[in-house]
Amino acid sequence: MKSITIQGVKRESVGKVATRALRNAEQVPCVVYGGQETIHFAADEKAFKGLVYTPEAHTVNVELNDGTKVHAILQDIQFHPVTDRILHADFYQLKDDKEITIEVPVRLVGRARGVVAGGVLRFNMRKLKVRAIPANLPDEVVIDITSMRIGAKKYVESLKNDKYTFAHPDNSVVVAIRTSRNAVADDDEDEEEGATDAPKEEGAEG
C-alpha cells in the first residue's frame with residue numbers, strides 16, 4: 001500500500017488552551033495510539049491534503065522533530081461542522097505481524113458485456129474493508145467486469161484471495177448488471193456469469 005509522510009512537532013501541553021492556539025496557527029492536534037506509549041503531536045493542516053482529500057488509501061509515516069518515526073494508519077478525523085477544517089486526527093501505530101482493517105477503493109476495469117447490450121451498471125460498493133498485515137494491504141481492489149452479462153453479479157465471496165480477507169458478508173453484492181427497457185437479447189450457450197459467482201444458500205444442493 002502507498003504511504004504518505006506527515007511531519008510534525010511533539011506536543012507537551014495537550015490542554016484546551018494549547019489546542020486552540022494550534023488550530024489558530026493552522027496546526028492539527030494529533031494522537032498516535034497502539035504503541036508502548038501514546039504520542040501527542042501537531043502537524044500542518046496542509047500536510048493532510050494528500051491523505052484526506054483523495055479516494056486513495058494510504059498508510060502514514062509520522063516523522064516528528066525529536067527523531068520519532070512511526071508507521072501508522074489514520075484511525076479517525078474530526079472536521080469543523082461549519083468551516084470543514086480539520087480539528088483533530090487519531091492515528092494507530094502499525095506492527096509488521098499484526099493484522100489491521102482498512103477501507104480501500106474498488107476499481108472496475110473493462111466494459112461489461114451486459115452494458116453493451118443495454119443493461120445498467122450498479123456499482124453498490126465503491127469501497128471495501130480489508131484485513132491484513134501491513135505488507136499485504138492492497139492499494140485497491142480491482143474487478144474485471146468485461147464478461148458480465150445482464151443479470152450478473154459480483155459478490156464479495158468471488159474476490160477472496162490469500163493475502164487479505166474482507167470485513168463484509170460473502171453474499172454482499174459489489175457490482176451488478178441490471179436489465180433496462182433498452183436492453184437487447186444477449187443469447188449465448190454459456191452459463192450466465194453471476195450464477196456461478198453467487199454464494200450457495202445453506203441446504204442448497206451441491
Side-chain angles (χ1 to χ4, degrees), residues 1-4 48-60 71-77 79 84 91-92 94 96-206:
M1 175 171 283
K2 298 174 184 176
S3 293
I4 190 170
F48 288 81
K49 183 178 180 180
L51 177 65
V52 178
Y53 305 107
T54 174
E56 297 180 342
H58 295 86
T59 57
V60 181
H71 192 205
I73 58 168
L74 181 64
Q75 185 88 348
D76 187 39
I77 192 163
F79 296 90
D84 231 20
F91 294 89
Y92 185 80
L94 299 178
D96 291 342
D97 59 347
K98 187 174 181 180
E99 290 188 333
I100 60 157
T101 301
I102 190 170
E103 198 171 55
V104 301
V106 177
R107 180 166 63 90
L108 306 182
V109 297
R111 190 179 183 193
R113 174 175 172 173
V115 171
V116 174
V120 178
L121 177 72
R122 299 294 187 192
F123 196 177
N124 300 327
M125 302 177 73
R126 295 176 182 271
K127 289 188 176 183
L128 290 171
K129 289 182 179 179
V130 301
R131 184 171 181 81
I133 59 172
N136 288 343
L137 290 172
D139 293 321
E140 59 187 3
V141 175
V142 179
I143 302 176
D144 187 348
I145 62 172
T146 305
S147 62
M148 292 181 69
R149 298 198 196 94
I150 293 173
K153 298 176 182 178
K154 284 288 186 182
Y155 295 86
V156 165
E157 185 183 50
S158 68
L159 307 177
K160 286 183 176 180
N161 61 83
D162 295 333
K163 289 190 174 182
Y164 51 85
T165 58
F166 294 95
H168 303 276
D170 285 350
N171 62 353
S172 299
V173 178
V174 182
V175 61
I177 310 295
R178 303 295 187 188
T179 190
S180 71
R181 286 181 296 179
N182 297 324
V184 297
D186 186 19
D187 296 329
D188 195 289
E189 292 181 359
D190 296 337
E191 186 178 0
E192 270 199 5
E193 182 182 353
T196 54
D197 279 348
K200 292 183 179 179
E201 296 181 2
E202 292 186 8
E205 294 183 4

Asks: Which pair of heavy atoms, one from P105 and one from P55, lies closest together, and at what distance?
Replies: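 Closest approach of P105 to P55: CG-O, 3.6 Å.
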Asks: Given V104, which partner from the list K129, M1, E140, E56 fulfils the side-chain contact (heavy atoms from CB on, under 4.5 Å) test?
Replies: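 That would be M1; it is the only one of K129, M1, E140, E56 passing the side-chain contact (heavy atoms from CB on, under 4.5 Å) with V104.
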Asks: Write down the atom of K163, the atom of A132, and the distance for their closest heavy-atom approach.
Replies: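 Smallest heavy-atom distance, with atoms named: O-CB, 3.6 Å.
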Asks: What's the separation between atom CG in L137 and atom CD1 in I100, rounded to the nearest 0.5 Å?
Replies: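 Output value for this atom pair is 4.5 Å.
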Asks: Are I145 and V109 close enough that some pair of their side-chain heavy atoms sits under 4.5 Å apart?
Replies: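 A side-chain contact is absent here, since even the closest heavy-atom pair is not under 4.5 Å.
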Asks: Mind running side chain to side chain contact (heavy atoms under 4.5 Å, CB included) on V116 and R111 for me, showing each step along the way?
Replies: CA-CA 7 Å; V116 174; R111 190 179 183 193; 3.9 Å; yes
Asks: If I take atom CG from residue L51 and atom CD1 from residue I4, how far apart are they, to the nearest 0.5 angstrom?
Replies: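 Here the interatomic distance stands at 5.5 Å.
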Asks: With a 3.5 Å distance limit and no angle check, can you tell me whether D84 reaches the backbone of F79 through a side-chain donor-acceptor pair?
Replies: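 Checked: no pair found.
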Asks: Walk me through whether R131 and T101 qualify under side chain to side chain donor-acceptor pair (under 3.5 Å).
Replies: CA-CA 4 Å; R131 184 171 181 81; T101 301; 3.0 Å; yes
Asks: To the nearest 0.5 Å, what is the distance between OH (Y92) and NE2 (H71)?
Replies: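 Taking OH in Y92 and NE2 in H71, the distance rounds to 13.5 Å.
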Asks: Are side-chain heavy atoms of R178 and K153 found at a separation under 4.5 Å?
Replies: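 In short, these two side chains touch, coming nearer than 4.5 Å.
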Asks: Test side chain to side chain contact (heavy atoms under 4.5 Å, CB included) on I177 and V120; report intermediate values, then the result.
Replies: CA-CA 5 Å; I177 310 295; V120 178; over 6 Å; no
Asks: Between Y155 and V173, does the side chain to side chain contact (heavy atoms under 4.5 Å, CB included) criterion hold? Intermediate values first, please.
Replies: CA-CA 5 Å; Y155 295 86; V173 178; 3.6 Å; yes
Asks: Minimum heavy-atom separation for V156 to H168, with atom names?
Replies: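 Nearest pair, atom of V156 first, then H168: CG2-CB, 4.1 Å.
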Asks: Could you pull out the closest heavy-atom pair between P134 and K98, with the gap in Å?
Replies: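 Closest approach of P134 to K98, heavy atoms only: CD-O, 3.5 Å.
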Asks: Roughly how far, to the nearest 0.5 Å, is the OH atom of Y164 from the CG atom of N136?
Replies: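 Here the rounded value is 10.0 Å.
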Asks: Go through it in stages, so that I can follow the logic: the residues are M148 and R113, the test is side chain to side chain contact (heavy atoms under 4.5 Å, CB included), and I'd like the CA-CA distance, side-chain angles, deciding distance and then a yes or no.
Replies: CA-CA 6 Å; M148 292 181 69; R113 174 175 172 173; over 6 Å; no
Asks: How far apart are the closest heavy atoms of H58 and G50, and which atoms are they?
Replies: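 Here H58 and G50 meet closest at CE1-O, 3.7 Å.
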Asks: For a side-chain contact (heavy atoms from CB on, under 4.5 Å) with L108, tell me which candidate from I143, D144, V141 qualifies.
Replies: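 With L108 as partner, side-chain contact (heavy atoms from CB on, under 4.5 Å) holds for just one option, I143.
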Asks: Measuring from F166:CZ to L159:CG, what's the distance to the nearest 0.5 Å?
Replies: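 Rounded to the nearest 0.5 Å, the CZ-CG separation comes to 5.0 Å.
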Asks: To the nearest 0.5 angstrom, please state how far the OG atom of S3 sits from the CG atom of L94.
Replies: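 Output value for this atom pair is 8.5 Å.
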Asks: Can a donor-acceptor pair be found, under 3.5 Å and without considering hydrogens, that links the side chain of S172 to the backbone of P169?
Replies: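 Yes.
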